[in-house]
Amino acid sequence: MHPLISYFAAQDSPGIYLGFGAFQIQLGNLIVILVMILLFVLALFLPFPSGKKRP
Amino acid sequence: MSAPTMSRSDRDGLARRPWRGTVREYDLFKELTVALVVVGLVIVGLSAIVGSPDEPSVTLKSWAQAQPADFVATATAELGGTSETAGYGPPYNTTADATQTIGAFDLQSFSGVQLPIDTAQDLVITPLTTLNAPPSAALDAWNAGSDTEKADWTAAYTDALTNAPDGDPAQVATGDYGPVPVLTDALLTMASQGALDGVLNAQESFYNSDYTRTILFLGDGAYFGDLATAAHLTGDQWGMMNETGNTPGQSWLWLFSFWYQIEPFASAPNADLLVVLLMLVLSVLLTLVPFIPGLRDIPRWIPIHRLIWRDYYKKRAAGRS
Amino acid sequence: MSIREERKTEPVEEYYTWTGKARGWLLKHLPADKLLPQDQPSYVASWIYVFGMGAIVSLVFIVVSGVVLSLNGPAWYHVSDFGHFVNSVHLWSVELFFMTMVVHLWGKYWMAAWRGGRTLTWITGMGAFLVSIVAAFTGYLLQTNFDSQWIAFEGKDALNASGIGAWFNVANLGQIFGFHIVLLPLAVGAVVALHVILVRMHGVVPPIDAAETDAQLSGTDRTEATR
Ligand code: HEM
């Protein structure tokens with residue numbers, strides 16, 4: 001396992017929390033939300049393959 | 001449909017009819033198969049690399065061993081009826097004015113006491129009577145005591161524990177605590193030997209799958225909550241969304257969680273009721289978006305659909321000219 | 001023009017039993033070529049359309065891994081390496097399920113995909129979302145570890161304040177087990193099935209502001225096939 005992944009994935013790690021004041025987010029949750037936004041944006045912009053044409 | 005200008009309802013009419021325009025080949029079963037493979041690979045990959053957390057559960061035993069002082073203080077509160085559980089109200093007991101209400105609107109009282117818990121009897125006295133060598137003299141003294149005596153003993157002992165160094169029961173000043181120190185000490189021994197977990201869960205029978213009493217007892221102490229705080233799980237830390245460690249949790253509860261962080265909810269005594277009702281209203285609004293003017297028009301005003309259907313909009317002009 | 005007029009040319013069979021009427025209704029609203037079509041309107045050309053399928057597929061993985069977990073009981077995954085792996089698969093299927101479902105929801109919102117009589121499709125979609133949240137919550141309660149202990153302790157307050165904590169008791173593992181492995185999965189499955197059938201019945205919603213004069217409808221678009 002890559003040391004970086006094992007660091008983030010370590011089950012006994014206390015977890016990484018980001019944010020300020022009342023706004024706090026756990027790193028895992030933040031990644032999930034960012035990936036969702038990324039998927040949405042990619043779905044909007046990536047060209048969709050054109051299907052086979054049948055006469 | 002022959003009006004010279006198209007009104008919105010006419011355009012919706014087009015959405016209502018089966019499509020009679022150009023088509024493209026689209027293979028749903030092939031899409032299903034490809035999706036099964038792609039999503040399956042992602043899931044198996046994440047499971048193998050990141051895995052899932054499994055923080056071991058705590059028990060009354062581990063609590064009594066790790067923090068005996070906290071355990072004894074909590075047991076005293078259960079005896080005296082001053083713990084959070086004892087003052088909770090329905091569905092556990094009938095404590096007056098304990099429910100979360102909005103004016104006269106009191107859903108919490110609606111169920112009545114369905115899961116009755118008498119903290120002194122159920123969490124301390126009855127478990128002690130199951131011991132091989134129960135502290136009989138102390139139990140008799142407790143049962144013979146009047147309500148005022150019981151309240152005075154536990155209140156005095158609670159104060160004495162607070163004033164003792166580290167809350168250590170062994171270093172408590174002498175005073176009139178009645179049978180309370182003997183009872184709580186016996187319960188501490190019982191818990192640290194692991195007997196209390198079994199007795200509270202089993203409730204005199206072999207099978208059990210109901211942990212209500214144990215969970216409430218644990219929660220009345222400071223130990224359990226401190227562990228949760230350290231793991232960022234409590235409600236005022238957005239903990240509702242969090243899993244232990246860095247594994248993502250229930251991020252879809254972000255809005256539910258959010259309200260607990262801000263006023264007026266954060267300090268409201270009826271925060272749970274307010275937030276539940278607010279989320280109910282918001283969920284209904286989102287469900288009924290198609291009927292709500294304004295909300296249903298935003299997609300027209302912010303034309304993200306121009307991107308989604310850009311090929312369509314590009315080609316359609318050919319037929320217009 | 002209504003759908004009724006449209007299908008006037010079909011051979012008229014008389015339906016006089018409940019069974020027959022049900023068949024007639026199904027044949028009219030969900031003929032085989034609508035249920036399992038080989039083509040889609042030319043505007044169905046965006047990656048945003050794959051997220052509904054992504055949610056279905058994630059649900060399949062949730063069910064399969066969940067069945068393996070439940071066959072062994074809730075304590076198994078604490079002590080078995082394979083059990084722990086299956087538990088991880090279950091967890092990540094759920095994360096992907098919600099991720100794909102939410103992107104799907106965003107997409108359908110910005111397409112205003114409830115237009116043209118598709119409100120029930122939207123409503124059943126929201127139903128799937130809300131029931132899934134409850135199902136996931138009961139799953140977190142079934143972890144039988146520290147996380148589930150804490151969720152039971154803290155989760156009870158919102159349920160008690162709403163008056164349902166007595167019947168939906170988060171600290172009663174037996175009760176939650178039944179909810180999580182039987183009732184809620186059946187509910188999610190039923191709502192999703194209804195949702196997908198409604199999608200097929202109505203066909204995919206045309207673009208906002210699509211008009212009869214568009215090339216794709218007036219027959220002047222030569223780049224795609226016509227039906
Ligand atoms: C369990 C979760 C869900 C599953 C498995 C699911 C599945 C699907 C599938 C396979 C489609 C057709 C393909 C596509 O457009 O992606 C679809 C369409 C649709 N979904 Fe969902 N869906 C779910 C949740 C939702 C939610 C949360 C909403 C919004 C509230 C929603 C609203 C819609 C609408 C309005 C359509 C019709 C789209 C159109 O006519 O273009 N769905 N769904």
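Protein chains get the first letters and strands the later ones, always in sequence-line order, with residue 1 at the start of each.
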- request: State whether the side chain of C/Lys156 and the backbone N or O of C/Phe153 hold a donor-acceptor pair below 3.5 Å, judged by distance alone.
  value: yes
- request: To the nearest 0.5 angstrom, please state how far the CD1 atom of C/Ile62 sits from the CG atom of C/Leu69.
  value: 12.0 Å
message: Using heavy-atom distances under 4.5 Å, tell me whether C/Tyr49 contacts chain A through its side chain, its backbone, both, or neither.
response: neither
task: Assert yes or no for the condition that the ring centre distance of C/Tyr109 to C/Trp106 is strictly below 6.0 Å.
output: no
query: Atom CZ of C/Phe168 and atom CG of C/Leu159: how far apart are they, to the nearest 0.5 Å?
result: 6.0 Å
- prompt: If you measure only the distance, is there a donor-acceptor pair under 3.5 Å linking the side chains of C/Thr121 and C/His195?
  reply: no
message: To the nearest 0.5 Å, what is the distance between CG on C/Asp209 and CG on C/Asp214?
response: 9.0 Å
- line: Max heavy-atom pairs within cutoff under 4.5 Å with chain A, candidates C/Gly107, C/Ser42, C/Ala45, goes to C/Ala45
message: Could you check, using the six-membered ring where one of them is a Trp, whether C/Phe85 and C/Tyr77 have ring centers closer than 6.0 angstrom?
response: no
Contact listing (chain C partner; residues 32-40 of chain A; heavy atom under 4.5 Å): A/Val32, A/Val35, A/Met36, A/Ile37, A/Leu39, A/Phe40
